[in-house]
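Counting from 1, the numbers follow the sequence of the chain as shown.
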Amino acid sequence: MQVGIFYMPTAYTADVVTLARRVEELGFESLWMPDHPIMPVERTSPFPGGGELPASYGHLMDPLVTLAAAAGATDRIRLGTGIVLAAEREPLVLAKEVATLDLVSNGRFELGVGAGWQREEAEILGVHWRRRWAHVREHVLAMKACWRDGLAEFHGEYVDFPPVWSDPKPVQRPHPPILIAGELARAPERIAEYGDGWIPRFVRVTPEEVAATRRRLESLYREAGRDFSTFRVTMFGSHPDRETHRRLEDAGVDRVLQVLRVSPEEDALARVETWAERLLAA
């Protein structure tokens, strides 16, 4: 099973280029970044982690720009969003950003998408909260239209545009892997329709639930005439020990992202080195 690092980049924490290089040197498979385009000052949406929202959530760098910097500093590691709030981003612009990042990274990008947890943030950015997954679906389908060869055109409820040129095209064809977040009952149907993988959260699913969802998805892929052999499960978070990783791998998890919390550069680098010794050493 592959092991990646998830990091929340800010202007006052570990330098992303330094971290990316060290992650690659230590042998980790990938580096992932989160997305919050804005952070409202006033909100009633509860923080999923419990308690008060950490101040760092209001200071996050843009994940696509940050990952482009990481791409230029590395050669091997995969680079992903965990997750882009696809409903909150204009899909024609996001499609170009994703394709460009895939190009400059030589086909190393993976697009994790989700609908988010904060109603206030979504509504400020024009999302109908109760229909946020409908927004995500159309934005992903519109981006896929942009990534196909030739002209792009899309007509939907939330996204509607005439034929346009949308270039560059991604290196990975037909597009970078699209991983859908969430553990709700609708997640398998969403993945089977417009995703290529799943990003559940370690704190929300058991290994048994992962295995059952994989079986359900294999059936849905078969019904849709899709190839299940390329499907992947990326677990967001985990206890950093080999026994936990073994149980997740047995359940069908293909990649685990160890979550590196906001910390000074020295502490962040020490943490990933400890994880490498604990999880990657032969």
Would you mind reporting whether T234 and L257 have side-chain heavy atoms less than 4.5 Å apart? yes

Same cluster or not: V262 versus I5, using hydrophobic residues (I, L, V, M, F, W, Y) connected whenever any side-chain heavy atoms lie under 4.5 Å apart? no

Quick one: do R246 and E249 make a salt bridge, cutoff under 4.0 Å? no

Residues in ring pair (Phe, Tyr, Trp, His ring centres under 6.0 Å) contact with W147, at least two apart in sequence or another chain: H175

Looking only at non-hydrogen atoms, find the nearest pair between A73 and V17 and report the distance. CB-CG1, 3.6 Å

Can R255 and E110 be counted as an ion pair, charged N to O under 4.0 angstrom? yes

Closest approach of L260 and A268, non-hydrogen atoms and distance? CD2-CB, 3.9 Å

Can you list the residues that meet the side-chain contact (heavy atoms from CB on, under 4.5 Å) rule with E120, with sequence neighbours excluded? P40, R43, T44, S45, Q118

Nearest atoms (heavy-atom pairs only) where A145 meets A152: O-CB, 3.5 Å

M235 versus V205: any side-chain heavy-atom pair under 4.5 Å? yes

If we only count heavy atoms from C-beta on, is the I178 to V140 side-chain gap below 4.5 Å? yes

Distance (rounded to the nearest 0.5 Å) between I77 CD1 and S105 OG: 10.0 Å

On a heavy-atom basis, which atom in V210 and which in A251 lie closest, and how many Å separate them? CG1-O, 3.7 Å

What's the separation between atom CD1 in I180 and atom CG in D196, rounded to the nearest 0.5 Å? 8.0 Å

In short, salt bridge (Lys or Arg N to Asp or Glu O under 4.0 Å) pairs touching residues 143-158 with sequence neighbours left out are R131-E157, D149-R173

So, H135 side chain and H128 main chain: donor-acceptor pair closer than 3.5 Å or not? yes

Could you tell me whether D102 and R108 have a side-chain N and a carboxylate O separated by less than 4.0 Å? no

D241 bridged to R247 by N-O distance under 4.0 Å: no

Sequence neighbours excluded, every pair satisfying ring pair (Phe, Tyr, Trp, His ring centres under 6.0 Å) that has a member inside residues 43-93: Y12-H59, H36-Y57, F47-Y57, F47-W117

Check ion pair R21-E25 (N to O, under 4.0 angstrom): no

Identify the heavy atoms of A142 and P91 that sit nearest to each other, and give their distance. CB-CB, 4.2 Å

With hydrophobic residues grouped by side-chain heavy-atom distances under 4.5 Å, do L179 and Y7 end up in a single group? no

By the ring pair (Phe, Tyr, Trp, His ring centres under 6.0 Å) test, which pairs, at least two apart or in different chains, include something from residues 199-227? F202-H239, Y221-F228, Y221-F231

Would M39 and L53 count as a side-chain contact (heavy atoms from CB on, under 4.5 Å) here? Give the steps. CA-CA 10 Å; M39 190 55 58; L53 177 73; 3.7 Å; yes

Can you get from V113 to L92 by hopping between Ile, Leu, Val, Met, Phe, Trp and Tyr side chains that sit under 4.5 Å apart? yes

Check for me whether R232 meets the cation-pi criterion with W198, that is, NZ or CZ under 6.0 Å from the six-membered ring centre and within 45 degrees of the ring axis. no

Ignoring hydrogens, what is the shortest heavy-atom contact between A20 and T74? Give both atom names and the distance. O-CG2, 3.6 Å

Could you walk me through whether R214 and E218 pass the salt bridge (charged side-chain N to carboxylate O under 4.0 Å, His left out) check? CA-CA 6 Å; R214 277 195 71 108; E218 186 170 11; over 6 Å; no

Applying side chain to side chain donor-acceptor pair (under 3.5 Å) as the test, list every pair that has at least one member in residues 261-279; sequence neighbours left out. R22-E273

H245 and Q258: side-chain donor and acceptor closer than 3.5 Å? yes

Distance (rounded to the nearest 0.5 Å) between K96 NZ and L101 CG: 14.0 Å

Between the CG atom in L217 and the CD1 atom in I191, the distance rounded to the nearest 0.5 Å is 5.0 Å

